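Report on one structure; see the data block that follows.
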There are 2 protein chains.
Amino acid sequence: MTFQLSTDGRECLYEQIYEHIKREIKAGKLLSGEKLPSTRFLAEYLQVARSTVDYAYGQLLSEGYIESRPCKGYFVCPMEELLQLGDIDEAGESLFGDHTGGNAGSFLVDFSPYEIDMSGFPFSVWKKITKNILTFANSDLFAKGEAQGDYTLRCTISKYLHSSRGVNCRPEQIIVGAGNDYLLMLLEKILGRHVRIAMENPTYRRSYQIFRSFAYQITTVDMDESGMRSDKLEQADVSTAYVMPSHQFPTGTVMPIGRRMELLKWAAGGADRYLIEDDYDSEFRFRGKPIPALQASDRYGKVIYMGTFSKAIAPAIRISFMVLPDRLLEKYLKTCSFYSCTVSRIDQSILNEFVRDGYFERHLNKMRKLYRAKHELLLECLQPFRDRFIISGENAGLHLLLTAKGRAAERELVQAAASRQVRVYGLSESMVEEDSGSAAVLLGFGGLSQEKIREGTELLRQVW
Amino acid sequence: MTFQLSTDGRECLYEQIYEHIKREIKAGKLLSGEKLPSTRFLAEYLQVARSTVDYAYGQLLSEGYIESRPCKGYFVCPMEELLQLGDIDEAGESLFGDHTGGNAGSFLVDFSPYEIDMSGFPFSVWKKITKNILTFANSDLFAKGEAQGDYTLRCTISKYLHSSRGVNCRPEQIIVGAGNDYLLMLLEKILGRHVRIAMENPTYRRSYQIFRSFAYQITTVDMDESGMRSDKLEQADVSTAYVMPSHQFPTGTVMPIGRRMELLKWAAGGADRYLIEDDYDSEFRFRGKPIPALQASDRYGKVIYMGTFSKAIAPAIRISFMVLPDRLLEKYLKTCSFYSCTVSRIDQSILNEFVRDGYFERHLNKMRKLYRAKHELLLECLQPFRDRFIISGENAGLHLLLTAKGRAAERELVQAAASRQVRVYGLSESMVEEDSGSAAVLLGFGGLSQEKIREGTELLRQVW
C-alpha cells in the first residue's frame, strides 16, 4: 500500500487512511481475503500514532469492508461483485423537472371553488398565541402526545361541535389528524378493506380519488333535489355512504331532515352500515342559522363525522378531525391506536387556545361577512345571466352553480371563458360517472377580490 | 298553534318561532302533510313583523322540516318515523374512560428504548426561528403547499442527506410527511396492495404492526450477526424487504457492506423488488464516523429511504420524509400525488431554517455528547453484569441489549426488575415470531438522567 498523507490539517489523518483503504477495496485493488498490514506496522510506516490507524480500521470494520480474524489480523471481506461499488454520479438534470405544478397564473381571473380568502387570516392573533405557547411551554409539549390528539384539544373541539353543529360526542370519540386525506386513510384501516361505498354524482372529486385509491368498490347513487336518494341507496349493494348533508359539493344541496332520517334508517338496517358525513364548509352559510350536522340526529351510532379547520382558518393549518361512533371507536382502539398522531403538539396547542378563547368564532364571523359581501356581489354581477342560466347553491359555501337553460355544451362554456383568460370549472369535473344532462359550471369566489369578481363576470358576459 | 313568545329579549323572536314549530314536528304534534298558518296570519296573530315569521319559516325550509307548495302555502314534510327524533342525551359517563393510557408513572426507573432526552431540545432557537418566520411571513405560508412538501425544504433535506448519510437524491424524489406511520401508509398506496414483505426477527415492532394492518403478507427472514440473511431472502417468496442497515432495532447490528451488496443484488433481480431502509436513529453513533446509508450504494433505484426528525429533535416535531427511487416516484406522481401534504407549511419553514442554518448539526453534536455520556455511564454501571450477560449494540443508538449467558427466562428478568419498580423491555416484545433462544432484555437510556441510570442499574444488580 502506498499512501500520500496530506499533513496540512485540512483532512484528519484517520479519515485519510480510512478513505484510502476503502477506495482501494472499491476499485478492486485490494482483493477479497487479502490481508491488511497490522496496525502497528502501518502506524510506523506512515509515522502516525497507532490509535489513528486503529480508529481507521475500526471504521472499516463497522462498515464491513474488512474483518478481523483473532490472532491473524485484518482481512478484506468477501463481497458481492455483481454490483460494482463506486461513486454514483450526482443527479444531474431533474427527471421530473417542473415542481411548480401546472398552469397556475395563466388566467386573469380564476373562479376556483377550492380557494379561500387568505387576506382574512388572523395573523396577529395566531402569532400572539404561538409566542405565548412557546414562552410558557414546558418540554412536555415537545414530547410525544396521545395518538388521537391532545385530550384538551379534543375537549375543546367537542364543545365547539356541540354548540355550533349540534354534534353530540365525547372527547374520547374524536381523532385529530393532519388533514381529511389522512383521516380517510386511517378510516380505511378502521373500517377494513373491501368496503362498498355509495357516493352521489356529482360529488367531491378528491374524496372519490381517495376512495378509489383504496380497495373500495364505489357505487354512485342518484340524487334529487334533497341529495342522495334513499330508495336507490336501499337497492345498492353498499355498506357505507359518503354524503355532505349540510352543503353538498358541488350542487350546494342541503339535505332536508326527512331525507336525513331515511339515510339514518338505512344505516340502522345493517350492523356494518355507516354514513360518512363530510361537513367540509358548514361554517359558511349566508342565510338563516347553520344547518345542524347529520350526526346530531343520529341515535344509533351510525355517523362518522368529519370536519376540518383548513377551510375556515387556512389550508396550511393541517388540522382535521373525525368523530367515531362507539362501535368504530372500539375497533380503532383495538386495531389502529398504535398509529401516532400526525399533528404536532405545538400546533394542537395553538389551535386549542384559538378555539377555546373565542378567536375562532370571531374569525368565522369576520370571514362570513367577507364572503357574504363577495357572494352578494357575484349574485348581482350574475343578474344579466339569469335569462340563460339557472343559478343555484346560493345559500351557502364559496361557489355558485350555473346551469345553462338551453342547449349548451359545458366544454364550450369553459373554453369560451378560457378564451378571455377566465377559468370556470365544469360540473363534469365533479362527475364520477358520465352524465348527459344539461351543461353547468361552478363559479367559486372565495379567493377572488371584489374587483376580480367584477372583471371576471364582465368578461364572461362578453363571451357567453 | 299556541305560542308563548318571550319578549325579554334574551332569545330573538324568529328563533323562538323556529324552535317552537320544530319541537311540535319532532313531538308529532304537527303531523306530516299538515298545513301551517300563512306567514301573514301568524305574524298578525303573534304581533311580530312578517319578516320575522318569514325568517323562521325559511330556516325550517332549509332544514327540511317544512316544504312550500306554490300558491298553497307551507306544509310539514313527510318523514321517516322509525327513528323518532328527540334530543339525544348528553353523553354521560365515558365509555372508554381513561385517556391517560396505561401504567406510566408506576415505575421508579423506566429503561425505555423509545424515549429521548427532551432536556436537550433547542428551545430558544426554535422559538427564535418561529418568531422570525411569523414576523416576516406573508400569507403564502398559510396557503396550501405542494403535496410532496415545500420544495425549499426538500432541497435542504436532500443536501443534508447527501453530506451526512451519503444519500444521493434530487429534491423531486423526496416526500415530506407527518411521521413514518403516515409515510408507510402512503407507501402502501404507491406500492399497491398485496405486497409480500420480508422482516428480520426481532424487528421494530411498530413497523410490523403497521404492515400487518395493511394487506401485506409478512415473512420473517432469519438474521445473523450481519443482519438479514440474503440466502434466506432469496428463498423467501417476497417482493420487498424492510431493513435498518445502519443500526438494526433492537439488536444494534450494523449491516456490513458485503451484506448490503447482497441485498441490493437480490433487489436488482426483480423489477418489483424493493428495499425499505428505515434509517431511524442513524444520527447517534458513538464510535467512529456515521455509517453511510444503504441508499448510498444503490445504483439500481431499489432503495426506499425513510428518515425522521422526530427522533433527533423532538417527538412532537412530526416531520419525516422518504426518498423514492425514480420508478416509484413516477407511480406516485401518477396515482397518489393528490394526497395533500400532512405537515403545516409553518413547521416546514421552521425546520428548513433549522437545518439550513446549521442549528440541526449543532443540536446533533450536543445530543451526541449528551447521549455518549449516558451511554458510557450505563456501560460502566453494567460492568458487574458481564459475567452473566453479553452486552451488545454498544456502538450506536439509545439502548443496549443484554443477553443472559446461562439459563434464564426473559419473563423472570423483567419481573424481577419490576419487583424493584424498574422497567426493562424483553426482546420478545420485538419478536414477530416465537423464538426459543436465550433470554435478552433491552435497556434504553435516552430519556433517563445519569442519576436514574445509576439508581436503575443498582436496583437491577440487587435482583438479577
Side-chain angles (χ1 to χ4, degrees), chain A residues 58-59 62-65 77-80 82-83 85 88 91 94-96 99 118 121 127 130 134 139 141-144 151 168 170 172 178-179 181-182 185 189 193 209 213 215 254 256-258 261-262 264-265 288-289 291 297 299 314-318 326 338-340 342 344-347, chain B residues 58-59 62-65 77-80 82-83 85 88 91 94-96 99 118 121 127 130 134 139 141-144 151 168 170 172 178-179 181-182 185 189 193 209 213 215 254 256-258 261-262 264-265 288-289 291 297 299 314-318 326 338-340 342 344-347:
Chain A
Q59 185 67 24
S62 333
E63 295 188 18
Y65 285 98
C77 284
M79 85 189 57
E80 199 52 62
L82 179 89
L83 301 172
L85 287 162
I88 300 165
S94 158
L95 189 61
F96 305 96
H99 65 273
M118 284 302 304
F121 182 76
K127 214 167 89 182
T130 307
L134 286 178
S139 62
L141 203 58
F142 293 94
K144 201 176 158 175
Y151 194 72
N168 292 292
R170 308 182 309 284
E172 284 79 4
D181 300 4
Y182 166 73
M185 275 183 171
K189 306 296 172 217
R193 285 176 283 274
Q209 283 179 311
S213 84
V254 174
I257 186 76
M261 288 297 114
E262 288 164 19
L264 287 169
K265 184 194 166 193
K289 299 208 311 171
I291 309 288
S297 309
R299 308 186 67 187
I317 309 299
R318 305 300 304 156
D326 283 331
F338 58 84
Y339 284 110
S340 316
T342 42
S344 100
R345 295 189 72 196
I346 302 162
D347 291 354
Chain B
Q59 186 66 25
S62 331
E63 296 188 18
Y65 286 98
C77 283
M79 80 188 62
E80 200 52 60
L82 179 90
L83 300 173
L85 287 162
I88 299 164
S94 159
L95 189 61
F96 305 95
H99 67 273
M118 284 303 304
F121 182 77
K127 214 168 89 181
T130 307
L134 286 177
S139 61
L141 204 57
F142 294 93
K144 202 176 157 176
Y151 194 73
N168 292 293
R170 309 183 307 285
E172 284 79 4
D181 300 4
Y182 166 72
M185 275 184 173
K189 306 294 172 218
R193 286 176 282 274
Q209 283 179 310
S213 83
V254 174
I257 186 77
M261 288 297 115
E262 288 163 19
L264 287 169
K265 184 194 167 194
K289 300 208 311 171
I291 309 288
S297 310
R299 307 186 67 186
I317 309 299
R318 306 299 304 157
D326 283 331
F338 58 84
Y339 283 111
S340 315
T342 43
S344 98
R345 296 188 70 194
I346 301 162
D347 291 355

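Everything numeric in this text was worked out from a predicted model, so none of it was measured. Naming convention: chains lettered A, B, ... in sequence-line order (proteins, then strands); numbering from 1 in each chain.
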Segment of B:Lys189 engaging chain A (4.5 angstrom heavy-atom cut-off):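 The answer is the side chain of B:Lys189.
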So how far is it from [X] [atom1] to [Y] [atom2], rounded to the nearest 0.5 Å?
X        : Y        : atom1 : atom2 : value
A:Leu134 : B:Leu134 : CG    : CG    : 9.0 Å
A:Met185 : B:Tyr339 : CE    : OH    : 4.0 Å
A:Ile317 : B:Ser344 : CD1   : OG    : 6.0 Å
A:Asp347 : B:Asp347 : CG    : CG    : 4.5 Å
B:Cys77  : A:Met261 : SG    : CE    : 12.5 Å

Contacting region of A:Ile291 [heavy-atom separation from chain B under 4.5 Å]: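 Both backbone and side chain.
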Any side-chain donor near an acceptor of the partner, B:Ser340 and A:Tyr182, under 3.5 Å: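 There is no such pair between these side chains.
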Closest non-hydrogen atom pair, A:Pro256 against B:Gly64: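 The answer is CB-CA, 3.2 Å.
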Heavy-atom pair of closest approach, residues B:Asp181 and A:Phe338: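 Of all heavy-atom pairs spanning B:Asp181 and A:Phe338, the closest is OD2-O, 3.7 Å.
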Residue pair B:Arg318, A:Arg345: steps toward the side-chain contact (heavy atoms from CB on, under 4.5 Å) verdict: CA-CA 9 Å; B:Arg318 306 299 304 157; A:Arg345 295 189 72 196; over 6 Å; no
Heavy-atom pairs under 4.5 Å with chain B, option from A:Ser213, A:Gly58, A:Gly179 with the top count: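 Top option by heavy-atom pairs under 4.5 Å: A:Ser213.
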